[in-house]
Amino acid sequence: MTTALWLLAATAVVVFLVWRLRRANHTLDTILREERERPPVPLNTDDEPHEVGRHRRDP
């Protein structure tokens, strides 16, 4: 009887771990798919330096 309970407990733990791993894999697949579908970040092609604060015009 004790052996059957240990086997049942071990089976329950394995089933739980497999369920959690499959769920984590699905979540990871969703995140990676959304990252692939995201449009690329536009690169700044402006070569002029940007300053914060007041801008002075040189005469």
Side-chain angles (χ1 to χ4, degrees):
M1 181 70 178
T2 306
T3 305
L5 289 176
W6 278 110
L7 286 174
L8 182 63
T11 303
V13 168
V14 168
V15 167
F16 177 74
L17 289 176
V18 167
W19 174 73
R20 289 292 301 198
L21 286 173
R22 288 180 56 110
R23 192 167 167 207
N25 187 36
H26 177 69
T27 303
L28 181 62
D29 287 343
T30 302
I31 291 170
L32 291 175
R33 180 174 34 87
E34 288 175 356
E35 284 295 319
R36 282 191 303 268
E37 292 174 355
R38 178 185 287 185
V41 178
L43 297 175
N44 187 4
T45 58
D46 190 12
D47 292 332
E48 297 179 19
H50 297 284
E51 296 180 17
V52 178
R54 294 184 180 181
H55 297 281
R56 293 188 220 161
R57 294 187 181 205
D58 293 329

Q.
Rounded to the nearest 0.5 Å, what separates atom CZ in Arg22 from atom OG1 in Thr27?
A. 12.5 Å
Q. In this structure, are over 12 heavy atoms from other groups packed under 6.0 Å from Trp6 atom CH2?
A. no
Q.
Please report the interatomic distance CG(Leu7) to OG1(Thr2), rounded to the nearest 0.5 Å.
A. 11.0 Å
Q: Supply the atom-to-atom distance Glu34 CD to Glu37 CD, rounded to the nearest 0.5 angstrom.
A: 7.5 Å
